[in-house]
2 protein chains.
Amino acid sequence: MSTIVDLPTETPEQGSSASHQGENTSAPETSLREATQTWIREAILSGRYQGGEKLIERELSEMTGASRSVLREALSHLEARGLIVRQSFRGYTVAKLSTRSIFEIFELRASVETLAAELFAERASDQEVEDIGIAFEAIEAGIHANDLKKIRTAKDQFFGVLFAGCRNSEIRRALENVIDRISYLRSQLMSDPRRRQDSLVEMRLLAEALQDRNRVEARAASLAHLESARDALVNQLSVAANTKVAKAITKVPRKS
Amino acid sequence: MSTIVDLPTETPEQGSSASHQGENTSAPETSLREATQTWIREAILSGRYQGGEKLIERELSEMTGASRSVLREALSHLEARGLIVRQSFRGYTVAKLSTRSIFEIFELRASVETLAAELFAERASDQEVEDIGIAFEAIEAGIHANDLKKIRTAKDQFFGVLFAGCRNSEIRRALENVIDRISYLRSQLMSDPRRRQDSLVEMRLLAEALQDRNRVEARAASLAHLESARDALVNQLSVAANTKVAKAITKVPRKS
DNA sequence: TCTCCATTTTTTGTATACAAAATGAAGAAC
DNA sequence: GTTCTTCATTTTGTATACAAAAAATGGAGA
């Protein structure tokens, strides 16, 4: 059952740089289009625009300062990533997450993210193994400090190192897309102190397995964390069925 | 180790239609942008534009009849899907596949596509099980008739049914993207009669397992097929290292 | 007060125009 | 003959304009 093989190492710079170029390589922010895109993405991920909400071009244009040409390119890009959807002559709306979508996403993640964990254990550099430890400690510190923003940053860091260490930019790309779609829910989840504590325990197991380069344990810990996060998310949704977040997730438009 | 659970069935029309809307739902081809996008995509997949080749806007504009606004939206969309890459002030080029990328893609597919096969065995409707059989017979007929185009169409059909039957549009989305990227290589592969024969045998095993709804066998057959296809592809590349296809795959630009 | 229809306004779809950057070519200096 | 510089052309980046479709508004009739 070995799906893990040694990948060829030739032309590594070409393979990976070409693959995730144009993604969120936060560094240079070359074109206006990319900046606009990032702005909109951040606005959605931070919850400024809720699921199902309409994105009005004039409004975005004013806020970002970009012209409509640029704006529409950015929107088209985000549509391809699944973050927003377009209907003919009705413009773009923020993609809605049905409960079903959440299950689907976690089903995919359960397959791919566990693979990523295994691959990290196998392929990560010593530096990356060290970085995983550092990132985990940052998460821990954030939780103790009760600092939501810090937690989120540290988690992004953690998964960033994880995906880099697995040496497969296709996995990174596939996961980035689905994680984007649910990431504005993550902060909702993390606001529950008990869930935070559970999450910390699960992630410690994962971090330790990764640092030990223990493939089997890493997969198991990753899967456990995912299932736990999924269940917590679905639970919270069914409990808080009246909050605006829940409405943004579960409801279908009435007059479509 | 059960990553397979029963997905909730609520709001199925919303969940799925919203999820893969705006993809290649070949039916209505509403907007000009989508048509343009499809045109470019087809041009790349059919090999009309080779990997690394530059896409000149004026040229595409003339060929598709679309204005630059529309064209650029389409290009932006395709960039997000990874089919083309953009460099500042140097326009778009068709994404190149390094050997490494191919390994990465197959590594991802080995994880996700086998899951899709399992899920199909579990969840597909009786109609879909039947359709899988029909699609397979079409592939068989195509191979016997030695009709490359027919083979390709039938295979698309087969995987279309497979992805639909697994009831997870996220999986479909993730796989569509990576399969797009290597699909212009598939015809190269299929031109080798021996590989065609091998492929047929592997796919028969897969089709039979799917029709028997045998999860374990389905996964095994899917994995076997993938590894076989990957190896054949890599083999062919190293053999025919001087063909234009190989050049499009392996070489890095000299003056970048 | 409610409902239906016509008109106005907003918003999207498409096309064109102008500016900036990069590429390529011709000519001058060596 | 070669190389460097300068200029013209091409191509991309950005902004604006116009047309078509949908949504919002408001008034007339019941």
Side-chain angles (χ1 to χ4, degrees), chain A residues 18 21-23 25 27-40 43-44 49-50 52-80 83-95 252-256, chain B residues 18 21-23 25 27-40 43-44 49-50 52-80 83-95 252-256:
Chain A
Q21 112 187 155
E23 299 297 293
T25 54
E29 211 68 271
T30 57
S31 68
L32 183 52
R33 194 211 70 183
E34 273 187 55
T36 307
Q37 200 171 288
T38 303
W39 190 96
I40 299 172
I44 294 173
Y49 288 101
Q50 300 278 324
E53 197 170 341
K54 200 171 177 185
L55 296 173
I56 295 161
E57 290 189 3
R58 183 179 47 77
E59 204 175 298
L60 292 174
S61 186
E62 279 172 14
M63 284 174 142
T64 62
S67 75
R68 277 188 62 211
S69 319
V70 177
L71 187 63
R72 294 191 117 247
E73 280 185 59
L75 290 171
S76 182
H77 195 103
L78 292 172
E79 185 201 0
L83 210 58
I84 60 181
V85 294
R86 188 175 78 156
Q87 286 181 298
S88 229
F89 289 102
R90 288 190 199 177
Y92 290 93
T93 54
V94 178
V252 296
R254 274 289 159 257
K255 53 181 302 187
S256 88
Chain B
Q21 113 185 156
E23 299 295 294
T25 54
E29 209 71 87
T30 56
S31 68
L32 182 52
R33 194 212 71 182
E34 272 187 55
T36 307
Q37 199 171 287
T38 303
W39 191 97
I40 300 172
I44 294 173
Y49 289 100
Q50 300 278 324
E53 196 170 340
K54 200 170 176 184
L55 297 173
I56 295 161
E57 290 190 2
R58 183 179 48 75
E59 204 176 299
L60 291 175
S61 186
E62 280 172 14
M63 283 173 142
T64 62
S67 74
R68 277 188 63 211
S69 320
V70 177
L71 187 61
R72 295 191 115 248
E73 280 184 60
L75 289 171
S76 182
H77 195 103
L78 291 173
E79 185 201 358
L83 210 58
I84 60 181
V85 295
R86 189 175 76 154
Q87 286 181 298
S88 229
F89 289 102
R90 288 189 200 176
Y92 290 93
T93 54
V94 178
V252 295
R254 274 289 156 256
K255 51 181 301 189
S256 89

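A note on names: the letters A, B, ... follow the listed sequences, proteins ahead of strands, and every chain is numbered from 1.
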Would you kindly give the [atom1]-to-[atom2] distance between [X] and [N], to the nearest whole Å?
X: Arg86(A); N: dT12(C); atom1: CZ; atom2: P; value: 11 Å
X: Glu62(B); N: dT11(D); atom1: CD; atom2: C1'; value: 13 Å
X: Glu57(A); N: dT11(C); atom1: CD; atom2: C1'; value: 8 Å
X: Glu73(B); N: dA15(C); atom1: CD; atom2: P; value: 11 Å
X: Leu32(B); N: dA20(D); atom1: CG; atom2: P; value: 15 Å
X: Tyr92(A); N: dT10(C); atom1: OH; atom2: P; value: 23 Å
X: Leu71(B); N: dT14(C); atom1: CG; atom2: P; value: 13 Å
X: Arg68(A); N: dA19(D); atom1: CZ; atom2: C1'; value: 12 Å

Is the base of dG13(C) touched by the side chain of Arg90(A) through a donor-acceptor pair closer than 3.5 angstrom? no

Between Ala66(A) and Phe89(A), just flag the one whose closest nucleotide in DNA chain D comes earlier from the 5' side. Ala66(A)

Counting only side-chain heavy atoms from C-beta out, which of dT14(D), dT11(D), dT12(C) sits nearest to Ile56(B)? dT11(D)

Under a 3.5 Å distance rule, please check whether Thr38(A) uses its side chain to pair with a backbone N or O of Glu34(A) as donor and acceptor. yes

Backbone N or O of Ala66(B) within a donor-acceptor pair of the Ser61(B) side chain at under 3.5 Å? yes

CD1-NZ distance between Ile84(B) and Lys54(B), expressed to the nearest 0.5 angstrom: 13.5 Å

Considering every strand and a 4.0 Å limit on heavy-atom distances, what is the contact class for [X]: base, sugar-phosphate, or nothing?
X: Arg72(B); value: base
X: Leu55(B); value: sugar-phosphate
X: Arg58(B); value: sugar-phosphate

